[in-house]
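Numbers here are sequence positions counted from 1.
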Amino acid sequence: AFSRGGIPLHALLVSGENKVLRCVSVALSAVVNLAVVVVVSCSRQLHVPRHAFWAAISLTVQLCLANWLLEMFLFSPDGGPMRTDVCFVYEIALGTVYPSLLVLTSLAGLDRYLAIRYYESYKSRMTTAKALVAMLSSVVLSAFVLNSPYWTGYESATDCLFSLVHLFAI
C-alpha cells in the first residue's frame, strides 16, 4: 500500500469531537498569534531581528493551524467527494508549513546565539531587514526542496494519497 501511489488520505477521517477541539484550538491560537504580530508590528521598540523572528514564527504557526482546519474539512466523513484543488493545496502546504516552522525556529536560535556570542559584531551588522531576507530565503529554499517530489513528477499533489512526503510533516 505504500508503493508509489500510497494509501487514500480519506482513510484518516476526523471525528465530530475532534472537529470541535480543532476549531476551538485554532480560534484561541489565532487571537494569540495575531496579538504577537500586531504588537511587534506596531511597537517601534520591537523592530529588532529577535522580535521579527517571533512574529514570523507566530504567522507560520497560524498557517500550520489553518492547514489543520483544511485537513479537518477535507477528510470529514460528510465532506463529500475529494476535490483535487483542495488536495493540491493541502499536500503542498503539508510539506511546506511545518518544515518552515522548524527552519524559522532554528534561525531564531542561531540569531540568539550570535547575538550573545558575538555581541558587538552582531549589534553593528545585523538588521531587521537582513533577518527578514534570511527568513524568507530559508523558507523558500526549504519549500522548494521539500516539494521537489511534486515538481519533478515523482509524486502527484492532486490525488489525495498518503505518501512518503507526508511522513516529514507527521
Would a hydrophobic clustering, with Ile, Leu, Val, Met, Phe, Trp and Tyr connected at side-chain separations under 4.5 Å, put Val48 with Phe53? no

Name each donor-acceptor pair under 3.5 Å that joins a side chain in residues 27-40 to protein atoms two or more places apart or in another chain, with its distance.
unit_1	atom_1	unit_2	atom_2	d
Ser29	OG	Ser25	O	3.0
Ser29	OG	Val26	O	3.1
Asn33	ND2	Ser29	O	3.2
Asn33	ND2	Gln62	OE1	2.8

Got a sec, which pairs hit ring-ring contact (aromatic ring centres under 6.0 Å, His included) with one end in residues 113-149, sequence neighbours left out? Phe144-Trp151

Residue list, side chain to side chain donor-acceptor pair (under 3.5 Å) with Thr96, at least two apart or on another chain: Asn147

For Ser43, enumerate each residue passing the side chain to side chain contact (heavy atoms under 4.5 Å, CB included) test, keeping only those at least two apart in sequence or located in another chain. Gln45, Leu46

Nearest 0.5 Å, what's the CG-OG distance between Leu104 and Ser138? 5.5 Å

Leu59 side, atom CG; Ser100 side, atom OG - distance, nearest 0.5 Å: 12.0 Å

Taking every non-hydrogen atom, the tightest pair across Thr60 and Ala56: OG1-O, 2.8 Å

Arg50 side chain near Asp111 side chain, heavy-atom distance below 4.5 Å: yes

Quick one: name the residues clustered hydrophobically with Leu63, using the 4.5 Å side-chain heavy-atom rule over I, L, V, M, F, W, Y, and just say none if it's on its own. Val97

Acceptor/donor pairs from residues 127-135 side chains to any protein atom, 3.5 angstrom cut, sequence neighbours excluded:
unit_1	atom_1	unit_2	atom_2	d
Thr127	OG1	Lys130	N	3.2
Thr128	OG1	His47	O	3.0
Lys130	NZ	Arg125	O	2.8

